[in-house]
Protein chains: 2
Amino acid sequence: MPEFENVLENREFQTLPSVSVDCVIFGYEGNLLKVLVRREYVPFEGNILIEWKLPGNHVRRNEQIDATASRILKEQTGLENIFMKQFMVFSDPDRLKRRERDYEWVKPRLQDDRVLTVGFYSLVNIHDVDNSKLLEEAKWENAYEIRELMFDHNDIFNEALKKLRYDLLHEPLIFELLPEKFTLTQMQKVYEAIFDTTYDKRNFRRKVNKMPYLIQTDELQSGVSHKPARYYTFDREIYENTRSERFDFRM
Amino acid sequence: MPEFENVLENREFQTLPSVSVDCVIFGYEGNLLKVLVRREYVPFEGNILIEWKLPGNHVRRNEQIDATASRILKEQTGLENIFMKQFMVFSDPDRLKRRERDYEWVKPRLQDDRVLTVGFYSLVNIHDVDNSKLLEEAKWENAYEIRELMFDHNDIFNEALKKLRYDLLHEPLIFELLPEKFTLTQMQKVYEAIFDTTYDKRNFRRKVNKMPYLIQTDELQSGVSHKPARYYTFDREIYENTRSERFDFRM
DNA sequence: ATAAAAATGTGTTTTTTTTACACTAAGTAC
DNA sequence: GTACTTAGTGTAAAAAAAACACATTTTTAT
């Protein structure tokens, strides 16, 4: 039962009293958008209730907030150096108000001195996850069929998704979920998963071909039992230099 | 010289060590979009430098983040119950990196233990502002002719403007800057100010008339020395009920 | 060798949306 | 009653988005 750990005496592991981080870890696998949730065992009236929540933790003293988020991601998935982004800050008093009747029994624990939560989202290609490193208590859940989570974690997820979609229209985040070399069909599938829709292949290609930083390579797929697709890459340098031209890729 | 205040001993006024709020307060007046900036007196090598920045402050212990933003707005303008929205979170270490050469002399003060800034924007009809309550150090600046601000505050402003424009296309924020009853021309002027452009009157009207929650009243302007315009109102209830139909009023 | 299967890659037509454009109406001031 | 000022309205042209189908290239099975 992590999350109930006592504050360690080693100063290194002391937490900032007031700040915690919750992570919405988006995963992509099999053309589906997923989110990582984890089991929580909650003692209540002599029983142990099983609840689900977003992974989160306290910020440790002398730890950068981003480092907390990275630490959580690594604990949950084993992954490092993954794109993560702060998307919102929540005051806990507010959040408790929203659902306090449901969770009166946890209130005392939450209210002690924790007053702030920073929400992060991250983008993970589930193929990169070594499943043996995935925590026993963690589970990938289909992003559009999420069970009810503790507290206001469903709201937090929805905010994260909104922000992810916004950012995707303004920054080249899509490439965080694609391998170094990718086909346009792979790219399309990722967009479709995140926006929960489908696109016409020809119209999609017409649109993304306007991105000057999307580079066609000479390489073709191999080992596939059909016509091999061409590989493309993302050229970050071109992106940085054409930034001012302001592509808003409304999908 | 506020902002240099020592932490008061009264617990109520203690600040959270690590969190501050910066506010981009958009104002609308005379068909122009403005932003509130404030003077800052910075001691440097025995002199006092005058710099300009966005209003901001620390989050106090036991204060919700939104309350901090509201407090800043009230301090600066005297206004309460104004729409405010969180639009961004940033880590200070990151921000310092961006401009540390410019501000090496402030670094020690900033670096102590402040690690997080939350950006809010708000929308204020300047006619509602009692100018006597506006702080001496505050100034409405034309949004498209902003002077250079301290640190990365120009970047923050640009992010706020981008988010404001985006939100305006997805939510009925426009009505925050309009009186209870308004004419379509008034409405058009607000859009024009925020998007820094002009629209054709007929095309504009065709577009906004698609909003089912924009209600024509029987009332006409009076006391104007020309053909009186019709008043319209915003029906929030209709908006809530037709929300699912997803109007994206791209202007 | 040939046929079947599977996904790639490409252009045109239709529909929808956006833009451009100009005059009459209603009131006030003189 | 004439001049001034802003309100209010429709249509045509251009641009953008959406809908749509088939030939190509590779592997696999026979």
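Bear in mind that the values here come from a model prediction, so they are computed numbers and not experimental data. What you see below is based on every heavy atom in this structure, not just the backbone, and it leaves out hydrogens, waters and symmetry mates.
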Specify the separation, in whole Å, of atom CZ of A/Arg230 and atom P of D/dT26.
11 Å
Whole-Å gap separating P (D/dG8) and CZ (B/Phe204):
12 Å
I need the OH-P distance between A/Tyr231 and C/dT8, as an integer number of Å.
11 Å
For DNA chain D, which residues in residues 178-190 of chain B have a heavy atom at a distance below 4.0 Å?
B/Thr185
When rounded to whole Å, the OH to P distance for the pair B/Tyr199 and C/dT19 reads 9 Å
Please identify each residue that fulfils side chain to side chain contact (heavy atoms under 4.5 Å, CB included) with B/Arg205, with sequence neighbours left out.
B/Leu184, B/Thr185, B/Lys201, B/Asn209
A/Glu159: side chain to side chain contact (heavy atoms under 4.5 Å, CB included) partners, not counting sequence neighbours:
A/Phe87, A/Met88, A/Lys162
Are A/Lys189 and A/Tyr28 in a cation-pi setup, meaning NZ or CZ lies under 6.0 angstrom from the ring centre and within 45 degrees of the ring axis?
no
If the condition is ring pair (Phe, Tyr, Trp, His ring centres under 6.0 Å), which residues does A/Phe182 pass it with, not counting sequence neighbours?
A/Phe175
Of all residues at least two apart in sequence or in a different chain, which pass the side chain to side chain contact (heavy atoms under 4.5 Å, CB included) check with A/Thr197?
A/Phe195, A/Tyr199
Side chain to side chain contact (heavy atoms under 4.5 Å, CB included) involving B/Ile238 - partner list, sequence neighbours excluded:
B/Pro212, B/Tyr213, B/Ile215, B/Asp235, B/Thr242
What does the B/S/- profile of nucleotides 12-17 of chain C look like, 5' to 3', with a 4.0 Å heavy-atom cutoff to protein?
B-----
Does A/Asp200 or A/Gln221 map to a spot on DNA chain C nearer the 5' end, using the closest nucleotide for each?
A/Gln221
The criterion is ring pair (Phe, Tyr, Trp, His ring centres under 6.0 Å); which residues satisfy it with B/Phe26, sequence neighbours excluded?
B/Phe157
If you take all heavy atoms of A/Leu177 and A/Val190, which pair is closest and at what distance?
CD1-CG1, 3.8 Å
Please list all pairs meeting salt bridge (Lys or Arg N to Asp or Glu O under 4.0 Å) that have one or both residues in residues 175-184 of chain B, counting only residues at least two apart or in different chains.
B/Glu176-B/Arg236, B/Lys181-B/Glu219
Once each nucleotide of nucleotides 22-30 of chain C is scored for protein heavy atoms under 4.0 Å, what B/S/- sequence comes out, 5' to 3'?
B--BBBSS-
Listed by chain and number, what are the ring pair (Phe, Tyr, Trp, His ring centres under 6.0 Å) partners of A/Phe83, not counting sequence neighbours?
none
Between D/dG10 atom P and B/Asn209 atom CG, what is the distance in whole Å?
11 Å
For A/Tyr121, check ring pair (Phe, Tyr, Trp, His ring centres under 6.0 Å) against everything at least two apart and list the hits.
none
